[in-house]
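Numbering starts at 1 and runs along the sequence shown. All figures in this text were calculated on a predicted structure; none of them were measured in a lab. In each ligand, atom 1 is the first atom listed, and ligand 1 is the first ligand listed.
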Amino acid sequence: MQLQVLSENNYVNTDKFLFTAFEGEYMDLEYLRKCMKSILSEKRYRHSLGVEDVCYDLALIHGEDTLLASAAGILHDCAKYLTDDKLLQECEKYNIEISDTERQLPQALLHSKIGAIYAREKYGITEESVLKAIEYHTTGRPAMTKLEKIVFVADFIEPNRKADVLKMYNIRESAYQNLDEAVIKILERSVKYLNDKKSLIDPMTMLTYEYYVNKNE
Ligand code: DGI
Ligand code: FE
Ligand code: FE
């Protein structure tokens with residue numbers, strides 16, 4: 001157990017508490033859950049708790065920090081309730097460059113980028129690694145960190161997701177054995193699904209897919 005001195009006679013267990021940007025205080029995961037419960041729909045909130053749980057398990061198995069993984073899991077869709085217009089406005093406000101695909105599909109693609117901003121601004125997350133995992137949870141990116149892969153994969157396999165595709169391709173099995181293999185399977189399914197729907201595919205989704213397929217060969 002890690003203990004960090006705050007002041008004399010006052011210790012914070014940093015296995016359970018995250019440092020926040022707000023007045024040097026600490027927060028626990030329950031605080032973040034409450035924040036999400038108050039802004040997300042019931043269904044989206046349940047999804048977020050599911051992602052949190054799977055992030056924890058994947059972090060344990062693959063040797064990542066469980067607290068940071070859980071926090072990223074709870075917050076990953078914190079900007080999912082925003083409208084297309086609001087997401088585009090926020091991108092302008094925070095000087096976020098956006099691709100043509102992102103401009104056309106803000107809700108699908110921009111909730112992750114704005115989610116990372118909100119995690120910092122509204123929920124006080126200071127850990128860059130957590131912010132990146134939120135930022136890239138929808139498209140992934142080439143050479144993701146372990147934490148980024150954990151959130152990307154957990155989002156897809158959490159228990160509230162439909163089990164048929166996951167079972168057909170043994171995606172849960174991959175997730176617990178080999179994260180890169182799970183990332184490839186998920187991107188394969190997503191790219192096929194988007195092609196079948198004749199939906200636009202973001203260049204970052206394709207770059208991630210190509211990177212992991214080549215890496216695995
Ligand atoms: O926010 P979630 O629904 O939990 O999941 P997500 O953030 O992974 O994905 C949001 C949606 O965006 C989901 O329906 C899949 C879709 N998506 C991911 N990459 C692309 C995409 N949609 C399009 N059109 N193009 C993409 O490249
Ligand atoms: Fe999402
Ligand atoms: Fe999600």
(message) For ligand 1, which is the ligand I care about here, please tell me if Lys80 has any N or O atom under 3.5 Å from one of the ligand's N or O atoms.
(response) yes

(message) Between the side chains of Glu135 and Lys132, is the shortest nitrogen-to-carboxylate-oxygen separation below 4.0 Å, so that they form an ion pair?
(response) yes

(request) Considering only non-hydrogen protein atoms, determine which one is nearest to atom 25 (N) of ligand 1 and report residue, atom name and distance to 0.1 Å. (result) Leu200 O, 2.7 Å

(request) Taking the Fe ion (ligand 2) as the reference point, name the nearest N/O/S atom of His137. (result) NE2

(message) Could you identify the single nearest non-hydrogen protein atom to atom 8 (O) of ligand 1 and state the distance to 0.1 Å?
(response) Asp155 OD2, 3.2 Å

(request) Could you tell me which atoms of ligand 1, counted from 1 in the order shown, lie closer than 4.0 angstrom to a heavy atom of His47? (result) 4 (O)

(message) I'd like to know if Lys113 and Glu90 make a salt bridge, using a cut-off of under 4.0 Å between side-chain N and carboxylate O.
(response) no

(message) What protein heavy atom lies closest to atom 2 (P) of ligand 1? Include the residue and the distance to one decimal.
(response) Arg44 NH1, 3.5 Å

(request) State the atom name: nearest N, O or S atom of His76 to the Fe ion (ligand 3). (result) NE2

(message) Can you check atom 22 (N) of ligand 1: any protein non-hydrogen atom closer than 4.0 Å?
(response) yes

(message) So that I can check it, does any N, O or S atom in Asp155 come closer than 2.8 Å to the Fe ion (ligand 3)?
(response) yes

(request) Would you please indicate yes or no on a ring centroid separation below 6.0 angstrom for His111 and His76? (result) no

(message) Distance check below 2.8 Å: does Asp77 bring an N, O or S atom to the Fe ion (ligand 2)?
(response) yes

